[in-house]
Amino acid sequence: MAGHHMKKDEDFGEWYNDIVERANLSDKRYPIKGMNVWTPYGWRIMRQIDQFIREELDATDHDEVCFPLLIPETEFQKEKDHIKGFDAEVFWVTHAGLNELDVRMVMRPTSETAMYPMFALWVRSHTDLPLKTYQLVNTFRYETKMTRPFIRVREIHFFESHTCHVDYDDAERQVDEDFSILENLMDRLCLPYLLLKRTDWDKFPGAYYTVGIDTYMPNGRTLQLGSIHHYRDNFSKPYEIRYENAEGEWEYVHQTTYGMSERLVGAVVGVHGDDKGLVLPPDVAPFQVVIVPILKKEHYDEINKAAADLLSQLKKAGIRAHLDDRDDRPGSKFFDWEIKGVSLRLELGLHDIQNDVVTYARRDTGDKGSFPPTETVTSVTSILASIKADMRARATESMNSGIVIIDSMENIPESIVKFGWCGDEACGHALEERTELNILGTPRNDETFQGRCLVCSRETSTVAYAARTM
RNA sequence: GGGGCCGUGGGGUAGCUUGGUAUCCUUCCAGCUUGGGGUGCUGGUAACUCCAGUUCAAAUCUGGGCGGCCCCA
């Protein structure tokens, strides 16, 4: 063994940092805390995810836009709760050249206040609605806690969709559409998730309500991947986004937003990885298949040719395949691609050629087997499909077994907990103060429950979820 | 806001108490060797966070800056 590496279930935090570095996903040596460089392999994964987001949002009639990074302080301050929520964590541009600016500018922490003054100009009539836009950009938040690649950074790559609707119910239908987009994305990433309506004191600043999207990390903590918000007319009033209805009356639009960030990459790393390295879901793997030729003197040409044939078959079928023709030992290449999480490895040596087979090894389970070269594309396609299905099933099982019902604030397990909650803010705060838990909220999809509030013991039919968060 | 710890090649480290030649592993480059789970050998590139002070001499001692990490509120 070359060097000692961290075990995932012994020290998850160290393991995570180690794996990100060894798989070369990100270079955190850039001299600003929390602003890391996307290296080619990591960026390929992010781009793959971005591509799925574009496909999903385009298919549901959203239009991609791109707004400026800077927001004048005067616009930023229009919605009172919003500015209060972000005041302490934005970067300010205070100078331009040698001049101090009269009106300072905020580097967007999110784009409501950049977009909505423009929406007010774009929306005139009910025929302009719904307005469905999205953008993929970087945002900036001044994190003071310890930063961590993809999970807590100061420059955040994310997508945000912003929609405007004629009324509350139409915005509500948008929220439902967002949930189905979410399911499609999470299926490709093989990630389980919880949809929880955040408490009033934890909702997005300015939102009418917020649904958090949380996944479960192997250290027993949850990681918020994104959120879906219904704003009602909370923003349209201060920004004056109005339309003329069919009767000729002016009405304020109802708005929604939906955002998820590069934390998706962090979740893929954390949820699926193992002690050997990354395990990438086939849909996001930069290489789904790697071919490692097992060379032997006197047979170089024969083996290389067979490997090249294999590669071109796979590429023609649209499978992201890579031939590792580096002048290195096979064993060393195996370790390399395991760190990088490539879903399926194909080995091709003299033995295989003589027996007319291709040997494969699954990254997720380590299972090995073989298939005839004439059936390469169908075999690979079906193995990749079962890797995807198995990865999601395992991750879902792991999260579900990490959800525990509690009826006492003593001996709280390192997992997600469910408990009765009377709904009072005071009881919620009491719980958060007396434990290390954060209340994640109540289920978006109703769950039947009958019990007592964990704090005040009053009878309640409301169940709440809480966990330690990443 | 309060306290503590730490900055040595690309990455990880030894050396610091007691000042003098900077260690080892890995990566990278060249060559040969090898090839079904990290081949072996030879050679090479590459570092003391910055500024000031003490000293014949500072990675090492003193002060300050910058940067990082941890704990507590």
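On a predicted model such as this, the values are computed, not experimentally measured, just so you know.
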Interatomic distance, [X] [atom1] vs [N] [atom2] [rounded to whole Å]:
X      : N      : atom1 : atom2 : value
A:D18  : B:rU26 : CG    : C1'   : 13 Å
A:N24  : B:rG11 : CG    : P     : 13 Å
A:D27  : B:rG11 : CG    : P     : 9 Å
A:D328 : B:rG37 : CG    : C1'   : 12 Å
A:L295 : B:rU33 : CG    : P     : 15 Å
A:K333 : B:rG38 : NZ    : P     : 14 Å
A:E21  : B:rU26 : CD    : C1'   : 12 Å
A:R152 : B:rC69 : CZ    : P     : 12 Å

NA contact type, [X], heavy-atom cut-off 4.0 Å: base, sugar-phosphate, or nothing?
X      : answer
A:D327 : base
A:E298 : nothing
A:K368 : base
A:K33  : sugar-phosphate

Pairwise [atom1] distance, [M] and [N] [rounded to whole Å]:
N      : M      : atom1 : answer
B:rA22 : B:rA59 : P     : 11 Å
B:rU39 : B:rG31 : C1'   : 16 Å
B:rU26 : B:rG64 : C1'   : 36 Å
B:rC61 : B:rU17 : P     : 6 Å
B:rC50 : B:rG7  : C1'   : 11 Å
B:rG19 : B:rU55 : C1'   : 9 Å
B:rG67 : B:rA73 : P     : 26 Å
B:rA47 : B:rU34 : C1'   : 33 Å

Does any N or O in the side chain of [X] come within less than 3.5 Å of the main-chain N or O of [Y], such that one atom is a donor and the other an acceptor?
X      : Y      : answer
A:E432 : A:I439 : yes
A:K8   : A:G270 : yes
A:E262 : A:H157 : yes

Is it the case that the base of B:rG37 and the side chain of A:E338 share a donor-acceptor contact (distance under 3.5 Å, atom types as modelled)? yes
* Asked: Within the modelled atom types, does a donor on one side and an acceptor on the other bring the side chain of A:R29 and the base of B:rG68 under 3.5 Å apart?
  -> no
### Task
State which of B:rG11, B:rG38, B:rG36 makes the closest approach to the side chain of A:I294.
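Selected nucleotide: B:rG36.
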Closest of B:rG36, B:rU39, B:rG37 to the A:R345 side chain is B:rG37
Identity of whatever pairs with [N] - Watson-Crick or G-U, under 3.5 angstrom:
N      : answer
B:rA58 : none
B:rC66 : B:rG7
B:rC41 : B:rG31

Toward the 5' end of RNA chain B, by each residue's nearest nucleotide, A:I32 or A:I353: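 Closer to the 5' end of RNA chain B: A:I353.
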Subject >> Parallel, tilted or perpendicular: ring planes of A:H82 versus A:F76, cut at 30 and 60 degrees >> reply: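 Rings of A:H82 and A:F76: perpendicular, as their planes differ by over 60°.
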* Asked: Regarding A:K197 and the six-membered ring of A:Y209, is the cationic atom NZ or CZ under 6.0 Å from the ring centre and inside 45° of its axis?
  ->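 Judged by the rule, A:K197 and A:Y209 form a cation-pi pair.
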Does A:K305 come within less than 4.0 Å of A:E302, counting only side-chain N to carboxylate O? no
May A:F335 be described as stacking on the base of B:rG38, applying a 5.5 Å centroid limit and a 30° limit on plane angle? yes
*Determine: side-chain N/O of A:R329 to OP1/OP2 of B:rG36, distance under 4.0 Å, yes or no.*
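For A:R329, the contact criterion (side-chain N or O under 4.0 Å from OP1 or OP2 of B:rG36) is met.
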**Q.** side-chain N/O A:K297 vs B:rU34 OP1/OP2, d < 4.0 Å
**A.**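 So the side-chain polar atoms of A:K297 do come within 4.0 Å of the phosphate oxygens OP1 or OP2 of B:rU34, strictly under.
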Looking only at heavy atoms, the pair that brings A:S343 and A:I387 closest together is O-CD1, 3.6 Å
